[in-house]
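Residue numbers count from 1 along this sequence. In each ligand, atom 1 is the first atom listed, and ligand 1 is the first ligand listed.
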Amino acid sequence: MKILIVGNGGREHALAWKLAQSPRAEKIYVAPGNAGCAEVAECVDLNLNNLQSVVRWARDNNIDLVVPGPEAVLCDGLVDLCRDSNIKVFGPAKNAAELERSKVFAKNLMRHHGIPTADYAVFEQFEAAENYLASREDGPLVVKADGLAAGKGVMVCKNHAEALEALKLCMIDEAFGQAGTKVVVEEMLVGEEVSVLAITDGKTIAPLASAQDHKPVFDDDQGPNTGGMGAYSPAPLMTDKLLDTVIEKILVPTVHAMNSEGRRFRGILYAGLMITGGGPRVLEYNVRFGDPETQPILARLDTDLVDLLEATADGKLSEIDLKWKDEAAVCVVMASGGYPGKYEKGKEITGLEKASARKGVTVFHAGTVPKKDKVLTAGGRVLGVTALGKDIPTAIESAYAAVKDIEFEGAHYRTDIGQKALKRLKK
Ligand code: AMP
Ligand code: GLY
């Protein structure tokens with residue numbers, strides 16, 4: 001089978017790495033990919049702003065399965081275009097990707113179908129939002145730009161004064177462009193966050209191994225949010241009992257709700273949850289593999305990924321048995337100096353071979369480019385150093401040993417990835 005993965009992050013390298021292990025994968029392409037993808041697949045320089053040309057390339061090159069990575073191409077309708085050209089594709093159609101593209105759509109869906117989430121109001125006029133704040137007792141609130149804002153459109157505000165600033169940023173300064181002209185103002189939830197990723201063909205829903213992300217840039221969850229600075233799997237917070245509740249109250253009703261609205265969901269349904277005293281609540285949905293959660297999740301997957309993605313695309317997920325390694329995996333993200341703010345690119349990365357030679361370690365590339373025989377930095381998140389181990393402490397130790405082998409100017413990373421899991425295991 002010839003497979004085209006679309007995207008250039010750590011998630012896409014992990015997908016390419018895992019798909020390449022399948023005896024059914026005859027040839028894998030990644031568009032545009034990165035230096036790590038180039039080790040396990042062929043990178044092709046396609047323009048993701050022109051999806052028609054991506055699909056044309058796939059047709060001309062007899063691609064059997066397209067695997068889109070990031071949300072943008074799903075929201076722009078890559079799946080629909082592939083289907084129109086009779087190319088098999090793994091992921092939700094544009095009308096189902098709306099679940100991630102629009103926070104207002106997602107919140108309204110949850111409200112109409114009784115899926116637990118924070119209480120909220122939607123505003124299209126700044127004055128109306130301002131009046132709403134004035135009519136309520138002061139307290140913490142969360143302001144969310146409606147559209148895709150590269151993970152930056154959510155502002156957790158301690159009080160109304162901060163919420164007003166956030167509303168100004170979205171609605172008057174238009175800091176997130178069109179995405180922020182509509183906003184959700186919602187109740188702040190308190191608890192611990194965990195992600196649940198499930199794979200579904202719209203009929204069968206199978207949760208993937210649990211994982212926990214680390215969004216803030218610094219240790220102890222300090223500093224601004226990033227795309228994710230590391231992840232581990234399994235997440236001890238996600239007990240079998242809690243997972244049963246999440247399946248019953250969130251995953252199944254979400255897939256049913258989408259079906260009932262004529263937006264059949266196929267692909268990865270990712271629920272970002274807050275585990276509150278009153279049970280799990282949905283913070284957000286994503287319609288794709290998480291990055292970096294995918295790196296430790298796929299490191300633990302034993303099932304053939306080609307079989308899994310193809311069966312889902314064909315509506316035959318019920319025929320697949322998901323199997324996981326009984327080991328833990330930890331992924332530590334190494335980022336460019338300054339990330340998630342401004343950063344420089346083009347720094348030489350050394351020590352990759354030494355790190356990768358360690359037992360159980362795979363260095364997934366995100367923002368990297370090959371240059372002659374060197375690898376240079378090319379993005380904010382640069383590498384996802386991922387280690388498998390018999391348990392979380394062992395995986396943490398191996399991942400950090402490998403991180404210490406690697407150097408590039410300005411490199412920074414969190415030193416506490418996985419510590420939350422350890423604390424919970426000690427309880
Ligand atoms: P989202 O993109 O909606 O997941 O929001 C990004 C981050 O903002 C989440 O991972 C949470 O840390 C935080 N967040 C979002 N909504 C809420 C909420 N209602 N209460 C508390 N924190 C939130
Ligand atoms: N790591 C969070 C995300 O993929 O959205």
Side-chain angles (χ1 to χ4, degrees), residues 7 9-12 14-15 68-72 74-75 97 99-107 110 116-121 139-158 162-163 166 170 176 179-180 183-197 208 210-217 221-233 235 267-278 280-298 331-333 335 340 364 366 380-381 384 414 417 420:
R11 163 184 51 212
E12 287 75 21
L15 285 165
E71 59 276 18
L74 293 166
C75 295
L99 200 54
E100 173 162 1
R101 196 202 60 79
S102 168
K103 304 240 182 234
V104 173
F105 172 80
K107 295 295 289 190
M110 287 187 267
T117 188
D119 215 3
Y120 70 101
L141 283 172
V142 183
V143 174
K144 301 184 173 184
D146 179 48
L148 295 180
K152 298 194 180 107
V154 173
M155 287 149 284
V156 180
C157 306
K158 284 199 276 305
E162 277 187 27
C170 289
F176 309 107
V183 295
V184 172
V185 177
E186 70 176 39
E187 161 203 15
M188 193 185 89
L189 298 174
V190 181
E192 193 171 342
E193 280 187 65
V194 65
S195 320
V196 176
L197 283 80
L208 302 183
S210 61
Q212 193 161 26
D213 189 8
H214 297 65
K215 284 191 177 150
V217 65
D221 288 341
Q222 300 299 307
N225 268 349
T226 66
M229 292 298 288
Y232 57 82
S233 172
I268 297 292
L269 177 63
Y270 167 138
L273 306 174
M274 186 73 90
I275 309 305
T276 71
R281 302 271 166 87
V282 178
L283 293 174
E284 65 163 347
Y285 290 110
N286 294 321
V287 299
R288 43 149 182 102
F289 282 105
D291 190 345
E293 295 93 320
T294 301
Q295 289 82 315
I297 289 176
L298 291 186
C331 168
V332 178
V333 170
F364 292 116
R381 291 190 292 172
R414 279 181 62 155
I417 303 300
K420 268 190 206 155

Check your understanding: Would you say G290 touches ligand 2, if touching means a heavy atom closer than 4.0 Å?
Key -> yes
Practice item. Tell me which protein heavy atom sits closest to atom 2 (C) of ligand 2, plus the residue, atom name and distance to 0.1 Å. Key: D213 OD2, 3.3 Å
Practice item. Using modelled atom types only, decide if a donor and an acceptor are shared between the side chain of T226 and the backbone of K215 within a distance under 3.5 Å. Key: yes
Check your understanding: So is Y270 in contact with ligand 2, going by heavy-atom distances below 4.0 Å?
Key -> yes
Practice item. Any chance you could lay out the salt bridge (charged side-chain N to carboxylate O under 4.0 Å, His left out) test for K103 and E284, step after step, and finish with the verdict? Key: CA-CA 8 Å; K103 304 240 182 234; E284 65 163 347; 3.7 Å; yes
Review point. Are any of the N/O atoms in R11 less than 3.5 Å from those in ligand 2?
Key: no
Practice item. Classify the contact between L283 and ligand 1 as side chain, backbone, both or neither, using a heavy-atom distance cut-off of under 4.0 Å. Key: both
Review point. Any N/O of V156 closer than 3.5 Å to an N/O of ligand 1?
Key: no
Review point. Among protein heavy atoms, which sits nearest to atom 5 (O) of ligand 2, and what does the distance come to when rounded to 0.1 Å?
Key: R288 NH2, 2.9 Å
Check your understanding: Is the closest heavy-atom distance from G272 to ligand 2 below 4.0 Å?
Key -> no
Check your understanding: How many angstroms lie between CG in L269 and CG in L99, if you round to the nearest 0.5 Å?
Key -> 6.5 Å
Exercise for review: Ignoring angles and geometry beyond distance, decide whether G227 reaches within less than 3.5 Å of ligand 2 through its nitrogen or oxygen atoms.
Suggested key: yes
Exercise for review: Quick one: look at L189 and ligand 1, take heavy-atom pairs under 4.0 Å, and tell me if it's side chain, backbone, both or neither.
Suggested key: both
Exercise for review: Grab the two heavy atoms, one from V194 and one from A235, that are nearest each other, plus how far apart they are.
Suggested key: CG2-CB, 4.2 Å
Practice item. Select the closest option to atom 19 (N) of ligand 1 among R281, E186, M274, M188, judged by heavy-atom distance. Key: E186
**Study point:** Sub-3.5 Å N/O-N/O distance, K215 and ligand 2
**Key:** no
Review point. Quick one: salt bridge (charged side-chain N to carboxylate O under 4.0 Å, His left out) partners of D221, sequence neighbours excluded?
Key: R414, K420
Review point. For F364 and G10, which heavy atoms make the closest approach, and how far apart are they?
Key: CB-O, 4.3 Å
**Study point:** For N286, atoms of ligand 2 separated by under 4.0 Å from a heavy atom
**Key:** 5 (O)
Point to revise | Contacting atoms of ligand 1, where contact means under 4.0 angstrom from a heavy atom of E193 | key: 9 (C), 10 (O), 11 (C), 12 (O)
Practice item. Measure the NE2-OH distance between H214 and Y232 for me, rounded to the nearest 0.5 Å. Key: 5.5 Å
Check your understanding: Side chain of D213, backbone of G228: donor and acceptor closer than 3.5 Å?
Key -> no
**Study point:** Option nearest atom 15 (C) of ligand 1 (shortest heavy-atom distance, choices K103, K144, E284)
**Key:** K144
Exercise for review: Heavy atoms only: give me the nearest V143-C170 pair and the separation to one decimal.
Suggested key: CG1-SG, 4.4 Å
Point to revise | side-chain hydrogen bond (donor to acceptor under 3.5 Å, both in side chains) partners for T117, two or more places apart | key: K107
